[in-house]
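Written below as structure tokens is the structure these notes are about.
We count ligands from 1, going down the list as the structure has it; atoms in each ligand are counted the same way.
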Amino acid sequence: MPESTPQRFTDLATLRRTVAGWRAAGERVVLVPTMGALHEGHLALVTEARRIGRRVVASIFVNPTQFGPNEDFSRYPRDLDADLALLGLAGTDAAWTPAVETMYPAGFRTRIDVAGLTEGLCGPFRPGHFSGVATVVTKLLNQVGPDVALFGEKDFQQLRVIQQAVADLDLPVEIRGVPTVREGDGLALSSRNRYLSPAERAVAPRLHAALAEIAAAVRGGSPVAGPVVEGRAALEAAGFQVQYLAICDARTLAPVERVDGPARVLVAAFLGRTRLIDNVAV
Ligand code: PAF
């Protein structure tokens with residue numbers, strides 16, 4: 001396993017040549033797309049990538065097109081040197097760190113919209129977000145050309161949107177989800193957790209606790225409405241401003257009234273100025 005700083009690429013032709021050489025040698029290439037500000041959750045993706053592939057490429061690109069005008073693009077944490085060091089320790093061969101002009105040169109016109117899956121949950125609260133994600137991920141997949149790409153299940157709607165886009169566009173890559181990594185108290189790891197004040201950080205694990213309680217309450221097939229209303233009220237009482245709390249079919253993301261197949265409890269809520277999302281399987 002390479003434990004030094006990964007080879008950094010900013011030129012697309014050089015990246016493509018390198019990956020093509022690996023694949024020609026029969027080496028399985030796994031991509032871990034990120035926006036940097038790496039934490040243990042990202043490193044779990046790299047660890048899984050190492051387990052299933054011979055070569056690991058991580059991309060670091062804070063994608064402007066997936067942030068709304070009032071979101072945190074300009075204050076999103078950026079520390080490339082620290083990220084490269086962490087990727088090296090985790091065993092990453094290559095880091096693809098394109099400039100904004102490389103990804104979106106003057107005259108760029110195309111966007112990818114995945115209907116249906118983007119209409120609920122985060123969709124109405126983050127107009128354009130999933131189109132930005134689907135477009136940049138499609139570009140990253142075309143640029144790197146991996147056999148497999150890994151995404152965290154914490155962004156469950158994102159994972160489903162990407163799987164759908166890849167299937168619809170016949171992209172020759174397998175998309176896999178990797179389970180959410182949590183702090184000891186249940187808080188899902190996120191680059192945005194660093195925005196939380198100490199008081200907010202103390203309350204934040206309630207989000208996962210509420211999801212776990214709801215999942216347990218509906219597991220036997222009892223109606224979901226009661227536990228969801230109670231869970232939402234408990235979160236609001238604890239200081240969260242809940243955007244949505246829902247139980248959805250794990251494949252279509254359509255809300256369900258009873259759980260009779262694979263389902264997910266999903267939530268988005270503000271704690272102060274910080275927007276947190278999380279989900280658990282039922
Ligand atoms: O989950 C993320 O970090 C981003 O949405 C992704 C998938 C890297 C696309 O910019």
Side-chain angles (χ1 to χ4, degrees), residues 6 9 15 30-46 48-49 56-68 71-80 82-84 86-87 90 92 94-100 102-104 108 110-114 117-118 121-123 125-144 146 148-166 169 171 173-181 188-195 266 268 274-279:
F9 293 87
L15 171 77
V30 185
L31 172 64
V32 176
T34 83
M35 297 204 301
L38 302 181
H39 50 64
E40 287 295 328
H42 297 108
L43 301 183
L45 296 176
V46 174
E48 176 62 6
V56 179
V57 181
S59 61
I60 300 179
F61 180 65
V62 186
N63 174 35
T65 68
Q66 69 185 77
F67 289 81
E71 294 186 350
D72 55 348
F73 176 67
S74 55
R75 70 175 182 132
Y76 197 83
R78 292 162 172 87
D79 188 346
L80 186 59
D83 288 342
L84 292 174
L86 285 173
L87 287 176
T92 313
W96 168 228
T97 60
V100 175
T102 305
M103 295 302 275
Y104 302 114
F108 186 89
T110 303
R111 290 186 78 93
I112 293 175
D113 282 310
V114 179
L117 289 174
T118 59
L121 302 173
C122 288
F125 297 101
R126 304 193 69 188
H129 168 70
F130 288 115
S131 174
V133 169
T135 306
V136 81
V137 170
T138 302
K139 283 178 67 77
L140 291 168
L141 294 172
N142 282 332
Q143 291 166 338
V144 177
V148 183
L150 301 181
F151 297 83
E153 285 184 352
K154 177 174 162 284
D155 297 286
F156 194 79
Q157 189 175 15
Q158 165 175 281
L159 170 64
R160 286 292 304 116
V161 167
I162 293 166
Q163 284 172 330
Q164 186 72 45
V166 163
L169 298 174
L171 300 185
V173 60
E174 183 190 342
I175 303 297
R176 287 198 202 172
V178 174
T180 303
V181 179
L189 296 195
S190 164
S191 305
R192 292 184 168 106
N193 289 351
R194 64 188 78 185
Y195 300 153
L266 306 105
T274 306
R275 186 175 184 273
L276 301 174
I277 61 170
D278 200 355
N279 70 89

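Side-chain atoms of Asn193 come within 3.5 Å of backbone N or O of Ala188 as a donor-acceptor pair.
Ring geometry, His42 versus His39: the interplanar angle falls from 30° to 60°, so the pair is classed tilted. In this pair, Phe67 and Tyr76 present their aromatic rings perpendicular. The plane angle is above 60°, beyond the 30 to 60° band.
For the side-chain contact (heavy atoms from CB on, under 4.5 Å) with Ile162, the qualifying choice from Gln164, Arg160, Gln158 is Gln158, the only one to do so. Evaluated for a salt bridge (Lys or Arg N to Asp or Glu O under 4.0 Å) with Arg192, the options Asp155, Asp72, Asp278 yield exactly one hit, Asp72.
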Is there any protein N/O under 3.5 Å from an N/O of ligand 1, and what does the full list of such pairs look like?
from	atom 1	to	atom 2	distance (Å)
ligand 1	1 (O)	Gln158	NE2	2.9
ligand 1	5 (O)	Gln66	NE2	2.9
ligand 1	5 (O)	Gln158	OE1	2.7
ligand 1	10 (O)	Gln66	OE1	2.6

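Two residues are said to be in side-chain contact when any heavy atoms from C-beta on lie closer than 4.5 Å; Pro146 and Val57 fail this criterion.
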